[in-house]
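Heavy-atom basis, side chains included; hydrogens, waters and symmetry copies ignored.
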Amino acid sequence: MPATHLEARAEAAGRLDKALATAFPGVSRARFQALIADGAVSVEGIAVTEARRAVRAGDLLSVHLPEAAPAEPEPEAMALSIVHEDQDIIVIDKPPGLVVHPGAGHATGTLVNALIAHCGESLSGIGGVKRPGIVHRLDKDTSGLLVVAKNDPAHKALSEQFAAHGRDGRLQRSYVALVWGVPERRHGTIAAAIDRSTANRQKMAVSRGANAREAVTHYEVLEELGRPAVASLVRCQLETGRTHQIRVHMAHIGHPLLGDPVYGAGFRSSAQKLSGSAKAALKALNRQALHAETLAFEHPRSGKHLAFDSPAPEDFATLLASLRLNLPEK
C-alpha cells in the first residue's frame, strides 16, 4: 500500500487515538497509537506525539500513513491447502506439524512464511508491515481450519469477532477430538479458568489464581469407540480461545486426548487396551488427536456469513476407524 495522507474532522471531544479510530475505521487504534508516537499525526497542523492528547469536536486531524514495510519473516514457497481466498482474507486447512507463526525454535518453515510467499503484493499491510494478520492460531500438531487477514481493515474486523468468542453469533468454531474413556455426561460445559502452570511453564493448567483467564468449552460425545469402549469421539465448541484450551479442559475432567504427550502422559498405559491395529494407528498419529473441523464467521468487507468444513486428515481418520473395530487382545 503506497503512502497515504488522511484528513478528517474529529466527530467528538476525547482522546486523539480514539478520535482517529472513529474517523478512519479501516485502521486499527493500535496502528494509530504507533503512528502518533512516530510523529505522523497532527491536530490543526501541529504534530502530536501523545495518543492520550485531548481533541475537540471539529479539530482537523491529519495522518501520514506510510507505505507498508516489507515483511520481516522471509517468504517461503510451500504447498498450502486453500479453502477460500479473496482480496481480504484467506482460509487455510492447516496440516498437522505446521507451525503458524515464527517464534523460538521455529524461525522459518511456518504458515506465515508460506503466506507471505503466496499472497505477495495482495498483503497491503498489517500494522504497517506486509504480513498476514493472524487472528487465531492452532497448535503445531493440531490440524484444521484457520482464517487469516490480508489487510488492516480485515484484521481489525476479524479480531473483533474473535474477541467476542462467538457470543454475538457471528463466529462459530468446533473441533473433533479422540479422548480416552467415555465422559459420564454425553453433553457438558467445562467452565474452568486457565493460566500457565506454576509447576511447568511449558504447560497450561486449570487455575483459580488472580491471573487465570476465563475459559469455557462445550462438548458433546458423538460416539463411544471399542467393545468395550476405550475411547470416545467428541465434538468441542469454544466459547473462549485460550492456549491449549480443549487439551487442558478434557484432561481436567479425566478424559485427555489420545496422543497428547503433554496433558495425556498419565494415560499411556491405556494404550495396552487397544488392538494391534489401533496401537499402530496411535503410534503413527504421533500427536494429539484434535482437528479444527468447522469455522464460520462474518466476512469483514461484505458482511456475508461464511462457513467452512474440513474432513479429518488421514492419520486421525485411520485411528478413528481402528478404534471403531477395537477389540481387547486376549
Are the side chains of [X] and [Y] in touch, meaning some heavy atoms are under 4.5 Å apart?
X: K279; Y: Q272; answer: yes
X: H136; Y: L146; answer: yes
X: E50; Y: I36; answer: no
X: L257; Y: M250; answer: yes
X: V63; Y: V27; answer: no
X: V55; Y: R53; answer: yes
X: L138; Y: S143; answer: no
X: Y175; Y: L238; answer: yes

Is [Y] paired with [X] through a side-chain N to carboxylate O contact shorter than 4.0 Å?
X: R287; Y: D315; value: yes
X: K18; Y: E11; value: no
X: R185; Y: E220; value: no

Which heavy-atom pair separates R186 from E224 by the least distance, and what is that distance?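 Closest pair (atom of R186, atom of E224, distance): NH1-OE2, 2.7 Å.
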
Any idea which heavy atoms bring G45 and S42 closest together, and the distance? C-CB, 4.0 Å

Which of parallel (below 30°), tilted (30 to 60°) and perpendicular (above 60°) describes F267 and W180?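 Rings of F267 and W180: parallel, under 30°.
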
Assign the ring pair F316 / H291 to parallel, tilted or perpendicular, where the plane angle (0 to 90°) is split at 30° and 60°. tilted

Is it the case that the side chains of Q245 and T240 hold a donor-acceptor pair, with the cut-off being a distance below 3.5 Å and no angle test?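 Side chains of T240 and Q245: pair found under 3.5 Å.
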
Once rounded to the nearest 0.5 Å, what's the spacing between atom [atom1] of [X] and atom [atom2] of [Y]?
X: L171; Y: L158; atom1: CG; atom2: CG; answer: 9.0 Å
X: L61; Y: L6; atom1: CG; atom2: CG; answer: 10.5 Å
X: K150; Y: D86; atom1: NZ; atom2: CG; answer: 7.0 Å

